[in-house]
Amino acid sequence: MNIDGIPTRTLRAHPERRVIDIIDQTRLPHALHWVRVSTLDEAAHAIRAMQVRGAPLIGVTAAYGLAIALATDASNVHLQAAAALLRSTRPTAVNLHWALARMESVLDPLPAEQRCAAAWLEAAAIAEEDVAQNAAIGQHGLSLFRQISHRHGPALNIMTHCNAGWLATVDWGTALSPVYAAHDAGLSVHVWVSETRPRNQGLLTAWELAQHGVPHTVIADNAAGILMREGKVDAVIVGADRIAANGDVANKVGTYLKALAGGDNGIPFYVAAPRSTLDFACPDGENIPIEERDGDEFRLVHGLDARGVPSALHQLPAKEAVTNPAFDVTPARLVTAIITERGVCPASSEGLLGLYPEAAHG
Ligand code: MRU
């Protein structure tokens, strides 16, 4: 994806120095600020504090975090402790657990002196796969968008929620990858960007769409229904943090409401995600752990003050009781189709196993 016209990835690895550079997403959309991560604790902090966020990017960052940890101590004890620390950072995005399990399966059998170099290579392989898989998702989604634009007229109005774009991955994004593919292929695409309270990931979506020159409009989350009722939405596309074996989808809180409103208005509701987001060991959405985040994310509103200085305002007194679930589950019956790097399938165990038959054998 382009930033200021230059193809850019969200994470830069420097294996020779055993460090990575990430974008501090807590400072976007007001400032593009790169941060160096050179210790295990910094990697864990970056994920927990949401300097990096989005399921695929969390997984890739955790893989590099493990590689960073092994530079100082590659013993079994430290490998297990580092993986456990990284695993504890965020519970819902299964990509985190998938990436760490993959790293451990490569590293466990190796003698300690070979582990660090192998870890950097494996983390790089995970990052490259993420880019390739998201590009493939873009092409499969583009085919769907072409069909919709043939039916509804040339201009495509796509609604999305949260940020499942470039910033949530190493490149291209999941839900936004078909949007970029459509835009780059010359389709007339416009995106309704849902603000996504309380963390406002929609503002990240608006920022990256603007960087790539994709027309878009930011809406309050509560405006999604009226736009659908007025026939201004041709399709909804979102990412996922975990897709259960039966096709139930966990994604940013508020996704379920968009799926309900889409269903009531006959609007297709697509979920785009790579293999690393599929959890065949999780039977259904009831079994997906939902992260509860600090209530201050909700009590405080962040932005720039009149002088353009980043600041926070209390919209609620500190003692006001709030609840802040970060994700919700959209039942498979409300999902029109799932788009993965292998193609498009119904949101069902048959559909998912049709694309990933090897998962039937555990
Ligand atoms: O809490 P976040 O910002 O990490 O949540 C991100 C989302 O819910 C995304 O939609 C999801 O991870 C898919 S990212 C390609």
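Just follow the structure's listing: the first ligand is 1, and inside any ligand the first atom is 1. A quick note: this is a predicted structure, and the numbers were derived from the prediction, not measured.
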Suppose we measure from [atom] to each protein heavy atom; which comes out shortest, and what is that distance?
atom	result
atom 14 (S) of ligand 1	Ala168 CB, 3.5 Å
atom 3 (O) of ligand 1	Arg53 NE, 2.5 Å
atom 15 (C) of ligand 1	Thr174 OG1, 3.0 Å
atom 9 (C) of ligand 1	Asn251 OD1, 3.4 Å

| task | May I ask you to check whether over 12 heavy atoms, not counting those of Tyr356, lie within 6.0 Å of atom OH? | result | yes

| said: Residue-level breakdown please: for Ala55 versus ligand 1, do any non-hydrogen atoms fall below 4.0 Å on the side chain, on the backbone, on both, or on neither? | reply: both

Decide whether the shortest distance between a heavy atom of [X] and an atom of ligand 1 is less than 4.0 Å.
X	value
Arg90	yes
Pro56	yes
Met50	yes
Asn163	yes

Quick one: does [X] get an N or O within less than 3.5 Å of an N or O on ligand 1?
X	value
Lys252	yes
Asp241	yes
Phe327	no

| field | Residues in ring-ring contact (aromatic ring centres under 6.0 Å, His included) contact with His97, at least two apart in sequence or another chain | value | none

| ring-ring contact (aromatic ring centres under 6.0 Å, His included) against Tyr180, all qualifying residues, sequence neighbours excluded | His212

| task | Step by step, work out the side-chain hydrogen bond (donor to acceptor under 3.5 Å, both in side chains) result for Thr277 and Asn95. | result | CA-CA 5 Å; Thr277 304; Asn95 310 57; 2.9 Å; yes

| query | Salt-bridged, Glu113 to Arg115, with N to O below 4.0 Å? | reply | no

| field | Closest contact, heavy atoms only, Ala118 versus Leu110 | value | CB-CD1, 3.4 Å

| field | Smallest separation among heavy atoms of Ile68 and Ser38, with atom names | value | CG2-O, 3.4 Å

| Got a donor-acceptor contact below 3.5 angstrom from the Asp234 side chain to the Asn157 backbone? | yes

| field | Cation-aromatic face contact Lys258/Phe269, 6.0 Å, 45 degrees | value | no

| Near Gln201, which atoms of ligand 1 are under 4.0 Å from a heavy atom of that residue? | 1 (O), 2 (P), 3 (O)

| note | Closest to atom 13 (C) of ligand 1 by heavy-atom distance, out of Ala240, Ser177, Gly54, is Ala240

